[in-house]
Peer 1: 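Take a look at the following structure, please.
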There are 4 protein chains.
Amino acid sequence: MTEKRQLIINAAVEVIAEHGYHGAQVSRIAKQAGVADGTIYLYFKNKDDILFGLFEYKVDQLMKTMEQTLGNLSPEKQLKIFVRNHVEWLALDQPLAACVQLELRQSKKEMRNKLNHLLIPYHRLLNDILVKGIEAGDFDNTMNLKFARQLIFGAVDEAISTWVVSDFKYDILAQFDELYYLISKAVRRGQLHD
Amino acid sequence: MTEKRQLIINAAVEVIAEHGYHGAQVSRIAKQAGVADGTIYLYFKNKDDILFGLFEYKVDQLMKTMEQTLGNLSPEKQLKIFVRNHVEWLALDQPLAACVQLELRQSKKEMRNKLNHLLIPYHRLLNDILVKGIEAGDFDNTMNLKFARQLIFGAVDEAISTWVVSDFKYDILAQFDELYYLISKAVRRGQLHD
Amino acid sequence: MTEKRQLIINAAVEVIAEHGYHGAQVSRIAKQAGVADGTIYLYFKNKDDILFGLFEYKVDQLMKTMEQTLGNLSPEKQLKIFVRNHVEWLALDQPLAACVQLELRQSKKEMRNKLNHLLIPYHRLLNDILVKGIEAGDFDNTMNLKFARQLIFGAVDEAISTWVVSDFKYDILAQFDELYYLISKAVRRGQLHD
Amino acid sequence: MTEKRQLIINAAVEVIAEHGYHGAQVSRIAKQAGVADGTIYLYFKNKDDILFGLFEYKVDQLMKTMEQTLGNLSPEKQLKIFVRNHVEWLALDQPLAACVQLELRQSKKEMRNKLNHLLIPYHRLLNDILVKGIEAGDFDNTMNLKFARQLIFGAVDEAISTWVVSDFKYDILAQFDELYYLISKAVRRGQLHD
DNA sequence: GATGAATGAGTTTTCATTCAT
DNA sequence: CATGAATGAAAACTCATTCAT
């Protein structure tokens, strides 16, 4: 990634966080980045491509953090770190949190599909952890993997969204253990079907 | 609700389901409803008000179903029915599912806030069930109630969204028990903090 | 043709004649017509459609004049009137002449093709006159009809273009007989191949 | 003409022929010529100057052919060769024909005026031939010289344009005699005014 | 109540040209 | 001489909303 492309992505995050998806005109992003409008188009195909590039870059950072922090820990510990990384990813960057949880979701259906594709590595990694946890006897070997992934992602996503909508009024990281406790219970072994 | 207001809401659901949020121009909804463009504004303040009216009406139907089906059952059974109602609400009405999970979420932040407010009765009812379940000793009395609600809503929401994005390729209702199993484990009593 | 559509076409002729093809912004045409920008799009699909509609309307007027003036005259007289109508069509309307001969020809290839199609009735009528003239023994029965039509159109077109480029400095109608004399000789009977 | 200037002109012909006037961006021409965008501006004042240079070069080639082929023949023969040279100029180079008849005519009025000036030697030479022909008693001494030139140019131009628009579907050179027959009749002596 | 013609604000994107290297 | 990254002006079109009838 060139330095200027990076510059524009950062500007986009700031502008979107401040003015919202619909107030994020290309010219505003350019001004924030300190480049001419046309320069944007040397680094991005079009406006949607800026948003795509932004999300791609940030998801990539998250996945790199995942790689660096998961190591060879037990699946149970990996899952906790995985979820914590997801929460920290946005909890430590409020403008990004606003972009990802609220603003980017206002994009067109077509765009949203493309953004979802970027989460494939996320789901793949999560799946691997769950599978290893099942094999290790830590996680519930009767549960449906797809729903387990959706529950984990959905719970975290909803928790973060609520926090963003509340205008960051509370410290979501301080409550992380309470959130993870519920997720953990859902996937841990030792439950019977009812 | 006047007859014509109802007519317009139904037209809006059909148009949004067919053409998507961005293809749902007021004139198209008017045409579908068989009224003049201007007539819309005799029944709704503006375009957002149509979407708001639509969601309000549909959520209202869901909440009425909740009331009718929850009865005096045990909290555990109520929770299962609650979640099932949520899934069935959209699983049995694919156009509505597309509207609610994908299209309506493209509306402006301001609008999304108003739509979220309509879910307050949903969260209040869910909260009541959880509290009763805790008091009855069925649900985990150590869990954070807010996160529990968010986990339940988030898991179901994510599951339905994935199903809609897949273009309804599988039978989500047939898998309901597998989904509920995970949710149930999360909130049930008998887990220890780690 | 609605009254307002007519209004817009007239405004377009004036604006194009005064500011040229590239200076004829939609907003300028709208202002000249005394309507809002958006109103243009109630009567025309897009900007090219204005130009197309303008040429279509004006060619239609020419062809109506042709019908009304050709009557049952001899082919020789009909040809002279035909050519004179073509010249008068533009000689008596300098703004239209500027549009047709200079400005409209700057449109994109695709558009030019569509404009050319509008001249099919012109060429068909000219062809009919030539055929009747040949059958009557007035016109050269050895000539190639396609080239004859092209020569007639090309000569008149070039003559008018030169006049427009000269900024209407001379009276092209006063010289009509001299122009027609040459055209007439080209198609008249009595010439031998060399 | 420097070697690089020639290189750019050739590139321009190829690019315009392939992509049309509006697809012939300076950067595309530069790429085709194998030079940097900025280099173009070391050899040409601006984009129009490239087109001007291209047409100037090609018209110059035509006029050189004229000089070499007209010799001391009779005016009648010279006229036929003159017209044939004009047709062959484009008939034997379809990309150039497309440029000259269709693409270059989409340029701005101002530019078109400059291009027309390049045809002055063409008209001067044609005029000379006609004058000599009249003096020699071969051509009609009653005809208007300006219109005669316009008829000849207009007829040939229209014939070639039609051929180009037809996508070169027929062999225009094979029909040259039929075209010239009509032109010849127009200017030859022996016709009476009617 | 109902109509629907008219309004007009608002934004992405291209590309000829420049100039620091 | 040559480069090519950066510039920034300029315009078509949509569509929610109004209001005279």
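Numbered from 1 within each chain, the chains take letters A, B, ... in sequence-line order.
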Peer 1: To the nearest 0.5 angstrom, please state how far the CD atom of A/Gln6 sits from the OH atom of A/Tyr43.
Peer 2: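 It is 12.5 Å, given to the nearest 0.5 Å.
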
Peer 1: Short question: side chain of A/Arg105, backbone of A/Val100 - any donor-acceptor pair under 3.5 Å?
Peer 2: yes

Peer 1: Any chance you could list the contact pattern along nucleotides 1-9 of chain F? Use B for base contacts, S for sugar-phosphate-only contacts and - for none, protein heavy atoms under 4.0 Å, 5' to 3'.
Peer 2: -BBB-BBB-

Peer 1: Using a heavy-atom distance cut-off of less than 4.0 Å, which residues of residues 48-57 of chain B contact DNA chain E?
Peer 2: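 Here the set is empty: none.
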
Peer 1: Which helical stems does DNA chain F take part in, if a stem means at least 3 consecutive Watson-Crick or G-U pairs with both distances below 3.5 Å?
Peer 2: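 Only these stems qualify: E:2-21 with F:2-21.
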
Peer 1: Whole Å only: how far is the CZ atom of D/Phe44 from the P atom of E/dT18?
Peer 2: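 It is 16 Å, rounded to the nearest whole Å.
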
Peer 1: Rounded to the nearest 0.5 Å, how far does NZ of C/Lys58 lie from CD1 of C/Ile9?
Peer 2: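 Reported value, rounded in 0.5 Å steps: 8.0 Å.
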
Peer 1: What are the two closest heavy atoms between B/Phe168 and B/Ala97, and how far apart are they?
Peer 2: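 In terms of heavy atoms, the two residues are closest at CE2-CB, 4.3 Å.
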
Peer 1: Roughly how far apart are B/Ile8 CD1 and B/Leu54 CG, rounded to 0.5 Å?
Peer 2: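 The CD1 atom of B/Ile8 sits 12.5 Å away from the CG atom of B/Leu54.
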
Peer 1: Could you pull out every donor-acceptor pair under 3.5 Å between side chains of residues 108-122 of chain D and any protein atom, sequence neighbours left out?
Peer 2:
residue  : atom : partner  : partner atom : Å
D/Lys109 : NZ   : C/Glu103 : OE2          : 2.9
D/Tyr122 : OH   : D/His86  : ND1          : 2.7

Peer 1: Pull out every residue in residues 17-32 of chain C that has a heavy atom closer than 4.0 Å to any atom of DNA chain F, ordered by number, or say none.
Peer 2: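 Within residues 17-32 of chain C, the residues near DNA chain F are C/Gln25, C/Val26.
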
Peer 1: Using distance only, find each side-chain donor-acceptor pair of residues 24-35 of chain A under 3.5 Å and give its atom names and separation, not counting sequence neighbours.
Peer 2:
residue : atom : partner : partner atom : Å
A/Gln25 : OE1  : A/Arg28 : NH1          : 3.3
A/Arg28 : NH1  : A/Gly23 : O            : 2.9
A/Gln32 : NE2  : A/Glu14 : OE1          : 2.3

Peer 1: Between D/Tyr41 (OH) and E/dT17 (C1'), how many Å, whole number?
Peer 2: 5 Å

